[in-house]
Number of protein chains: 2
Amino acid sequence: MLHLVIADAELETIPEQMQADPSIRRFAKKRNKRVDRMILDSNYMHTSIDRYFPNESKRRGRPDIIYLLLEMTQESILNHKNQLRTYVHTRNNQVIRISPITRMPKSYNRFIGLFEDLFEKRVITNNGKELLSMEESSLEDLINSIRRDRTILLHPKGEMKKPSEFISNSNTLIVIGGFSEGDFISDTSFIMERYAIFDQELTIWSVANEMVANYERAIGLT
Amino acid sequence: MLHLVIADAELETIPEQMQADPSIRRFAKKRNKRVDRMILDSNYMHTSIDRYFPNESKRRGRPDIIYLLLEMTQESILNHKNQLRTYVHTRNNQVIRISPITRMPKSYNRFIGLFEDLFEKRVITNNGKELLSMEESSLEDLINSIRRDRTILLHPKGEMKKPSEFISNSNTLIVIGGFSEGDFISDTSFIMERYAIFDQELTIWSVANEMVANYERAIGLT
């Protein structure tokens with residue numbers, strides 16, 4: 001089994017400080033949503049994010065990269081073969097568990113709607129089966145709750161190695177940063193195996209693809 | 001080099017038969033676009049597609065899967081290393097060449113806007129560099145215009161093989177169907193090497209990921 005843990009993902013509902021912002025309130029009215037139930041999305045709220053979080057505006061509110069990541073992981077051969085588990089840990093220490101049977105809506109707007117539902121209800125089911133669930137947990141507690149033989153952190157400052165050189169067919173947990181800029185917020189000092197797979201910046205879904213494809217190969221699927 | 005050719009992609013502007021449809025016209029007005037310059041998108045126009053193309057309504061108007069595919073291919077290590085060329089051939093025998101330097105907009109709406117621009121202007125440049133270009137061409141003519149040592153068609157009825165068993169480090173062209181349902185419209189009978197990589201249906205971006213990751217491995221990148 002491969003456990004993919006996305007750490008410190010920039011996925012959150014509108015922070016309290018921003019809820020009175022006129023442009024955010026207009027946006028909520030247009031969408032017929034309560035302000036505090038909308039997901040922060042820099043694609044549409046960049047100016048407001050800049051106003052309230054000037055030093056973090058480049059990284060906050062990036063549900064789009066989580067959407068792209070989950071379109072990849074859930075549709076992979078590894079997931080079809082029930083050998084992949086994906087967890088999204090957020091900047092606010094919330095953890096979303098994605099069931100292997102879950103397929104993401106192909107439309108981004110519907111993906112946002114689904115995750116807004118999840119933030120409100122904490123669980124999404126279909127015919128009695130849990131598709132998505134959300135709980136409070138630190139990154140370290142999440143990792144310690146998962147049975148695995150190896151724990152690997154992908155980090156630009158890790159040892160430069162090709163994925164084929166460090167991915168084996170053991171029960172492996174791999175941590176990938178869920179943000180497009182900057183560093184981890186959570187403590188990751190307890191993870192000893194640290195690698196960088198490429199000398200340029202990669203998107204998180206490209207990194208996840210590399211992990212998934214190389215793990216499939218390591219266990220003989222591809 | 002790996003050449004990925006997406007064949008018979010369900011990517012087109014609003015077909016003539018649909019341009020007088022009231023709901024399509026309302027949609028165009030809301031977007032402040034000319035009807036004939038909008039991209040057909042079943043996420044928003046499903047009912048109308050059903051009315052005008054009842055037998056094809058399940059496959060037509062799928063720019064969303066091309067968007068997801070290009071987010072994968074353009075951000076891959078193989079593309080960063082300038083070893084990937086991606087071509088999108090459409091159901092109407094139009095061919096879009098995507099430059100390796102092109103990165104897709106992360107927002108789906110902006111992606112649609114970019115491709116609407118492309119359909120109108122036939123070329124998208126940035127600082128004098130061509131990012132996207134469009135021409136009229138059949139699938140066979142496109143393939144014959146590309147220098148390659150091997151031509152492979154991925155097809156559910158091809159020989160079942162793992163990607164690692166058929167991908168080598170030669171100059172390879174791989175054809176993937178650019179639709180979510182049904183069969184190729186274009187003639188593909190001239191392609192002799194045909195493989196299926198999995199016994200269940202996969203999305204086109206999952207198939208592309210497998211090709212890219214296995215080619216990276218074959219040439220020693222990962």
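Throughout, a chain's letter reflects where its sequence line sits, starting with A, and its residues are numbered from 1.
Ranked by heavy-atom pairs under 4.5 Å with chain A, the list B/L68, B/I197, B/I65 is led by B/L68.
Rounding to the nearest 0.5 Å gives a distance of 7.5 Å between OH of A/Y67 and OH of B/Y108.
Along residues 171-180 of chain B, no residue comes nearer than 4.5 angstrom to chain A, judged on non-hydrogen atoms. Contact residues of residues 40-59 of chain A toward chain B are A/N43, A/Y44 (heavy-atom distance under 4.5 Å). Identified by a heavy-atom distance below 4.5 Å to chain B, the contributing residues of residues 69-82 of chain A are A/E71, A/M72, A/E75, A/S76, A/I77, A/H80, A/K81, in residue-number order. Residues of residues 207-222 of chain A that come within less than 4.5 angstrom of chain B, heavy atom to heavy atom, are A/N209, A/E210, A/A213, A/N214, A/E216, A/R217, A/G220, A/L221, A/T222 in numerical order.
Residue-environment remark: CD (A/E201) stays at or below the threshold of 12 foreign heavy atoms within 6.0 Å.
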